[in-house]
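Below you'll find the structure, written out as structure tokens, and then a few comments.
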Number of protein chains: 2
Amino acid sequence: MGVTKTEHFTENQNQIAIMMKALGHPARIAIMEFLMKSDSCICGDIVAELPLAQPTVSQHLKELKNAGLIKGNVEGTAVCYCIDENALEVLQLYFAGMSSNLEKQRNKCC
Amino acid sequence: MGVTKTEHFTENQNQIAIMMKALGHPARIAIMEFLMKSDSCICGDIVAELPLAQPTVSQHLKELKNAGLIKGNVEGTAVCYCIDENALEVLQLYFAGMSSNLEKQRNKCC
DNA sequence: GAGTTATATCGTAATATTGCAATATAAAGA
DNA sequence: TCTTTATATTGCAATATTACGATATAACTC
């Protein structure tokens, strides 16, 4: 097989999984951290920063964009990529909710 | 090729990516949510809950465990899986840090 | 328009993931 | 010990991901 059975899970579970999957690669984590720390969001600067070829970086950017984690603005010949704050908030709230939920249930088993 | 170039990224970036990757599948998100919501952490109950065959669920549990997100306790013939609170806290703090960082940098570009 | 610069897409090889049937293992009970 | 029950492992087919050279596209500059 090799096909994920997305249809058996809730829309929310699939949505979270898609975002997590996009973040499940060190290059894409590095891109997110670069966009967060740096003043620049120019694609060329990301390519220069990462130890990967330009087509590879372009592909990683595309995946982050498809997952809704970043957005891209064309500026002349350059493209400016930025973190989508809404997406990040979804993730932040998801994990905050999980953590506080765990707190309540402590020592229930194991 | 097809091999992730982990050696070019920081240990922290790789560690975060490993955990995110493990959560990058709806079945594994469903498992985490089940372990969070339910009183049970018995493997058999997870298998019963998920729309996947037992070997498939076993494999997903293994991946979550390898990523450090859950821990397993043998209890007779059953195995009790629980969320590793430390791992979840790492993720929660990671996203909280990102969110607050973004807040500061709002409207810098794009 | 020709050349330059920045980014995306195509094509492809190497490798990884997903899912499950079949089977193995390991503990509990008869 | 034999059987049952619960979980893990193996093996394999289908598919997805990763990386990059080659090439395409698209917007500036002259």
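So that the names make sense, note that chain A is the first sequence line, chain B the second, and so on, each numbered from 1. What you see below is based on every heavy atom in this structure, not just the backbone, and it leaves out hydrogens, waters and symmetry mates.
Minimum atom distance to the side chain of A:Val79 is reached by C:dA8, of the listed C:dC20, C:dA8, D:dA19.
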Would you mind writing out the side-chain donor-acceptor pairs for residues 17-28 of chain A within the sub-3.5 Å range, not counting sequence neighbours?
{"from": "A:His25", "atom 1": "ND1", "to": "A:Ala27", "atom 2": "N", "distance (Å)": "3.0"}
{"from": "A:His25", "atom 1": "NE2", "to": "B:Thr4", "atom 2": "OG1", "distance (Å)": "3.4"}
{"from": "A:Arg28", "atom 1": "NE", "to": "A:Ala22", "atom 2": "O", "distance (Å)": "2.5"}
{"from": "A:Arg28", "atom 1": "NH1", "to": "A:His60", "atom 2": "ND1", "distance (Å)": "2.9"}
{"from": "A:Arg28", "atom 1": "NH1", "to": "A:Glu63", "atom 2": "OE1", "distance (Å)": "3.1"}
{"from": "A:Arg28", "atom 1": "NH2", "to": "A:Lys21", "atom 2": "O", "distance (Å)": "3.4"}

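If you check residues 13-24 of chain B against DNA chain C, the residues with a heavy atom closer than 4.0 Å are B:Lys21, listed by number.
The local environment of CD in B:Glu7 is crowded, with over 12 non-hydrogen atoms from other residues, nucleotides or ligands closer than 6.0 Å.
Rounded to whole Å, atom P of C:dT9 lies 9 Å from atom NZ of A:Lys65. Rounded to an integer number of Å, the gap from CG of A:Asn66 to C1' of D:dA16 is 14 Å. Going from atom CD1 of A:Ile46 over to atom C1' of C:dT7 covers 11 Å, rounded to whole Å. Atom-to-atom, CG of B:Asn73 to P of D:dA8 comes out at 12 Å; the value is rounded to the nearest Å. Put simply, CD on A:Glu49 is 15 Å from P on C:dT7, counting in whole angstrom units. Computed from coordinates, the A:Ile31 CD1 to C:dT7 P distance equals 13 Å when rounded to whole Å. If you measure from atom CD of B:Gln59 to atom P of D:dT10, you get 11 Å, rounded to the nearest angstrom. As rounded to whole Å, 6 Å separates atom P of D:dA19 from atom CG of A:Leu52.
Dashed line: the shortest gap from a side-chain N or O of A:His60 to OP1 or OP2 of D:dT17 is not under 4.0 Å. At C:dA8, one or more side-chain N or O atoms of A:Ser58 fall inside 4.0 Å of OP1 or OP2 (strictly under the cut-off). Look at A:Lys62 and you won't find any side-chain N or O under 4.0 angstrom from OP1 or OP2 of C:dT7. The side chain of B:Tyr81 contributes an N or O atom lying less than 4.0 Å from OP1 or OP2 of D:dA8.
B:Cys43 places a side-chain heavy atom less than 4.5 Å from the side chain of B:Leu61. Looking at heavy atoms from C-beta onward, A:Ile29 lies out of side-chain contact with B:Asn14 at the 4.5 angstrom threshold. The side-chain heavy atoms of A:His8 and B:Leu50, taken from C-beta on, include no pair separated by under 4.5 Å. The closest side-chain heavy-atom distance from B:Val74 to B:Val79 is below 4.5 Å. Residues B:Ser58 and B:Lys62 are not in side-chain contact: their nearest non-hydrogen atoms beyond the backbone lie 4.5 Å or more apart.
The SG atoms of A:Cys41 and A:Cys82 do not lie less than 2.5 Å from each other.
Residue contacts for B:Leu61: at a heavy-atom cut-off of 4.0 Å it reaches no nucleic acid atom on any strand shown. When heavy atoms are screened at a 4.0 angstrom cut-off, A:Glu63 is found touching the sugar-phosphate backbone but no base atom.
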Can you pull every protein N or O that's under 3.5 Å from an N or O on nucleotides 22-30 of chain C?
none

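Rounding to the nearest 0.5 Å places CD1 of B:Ile42 at 9.0 Å from OG1 of B:Thr77.
The minimum heavy-atom distance between A:Tyr81 and A:Gly72, with the atom names listed, is CD2-CA, 3.6 Å.
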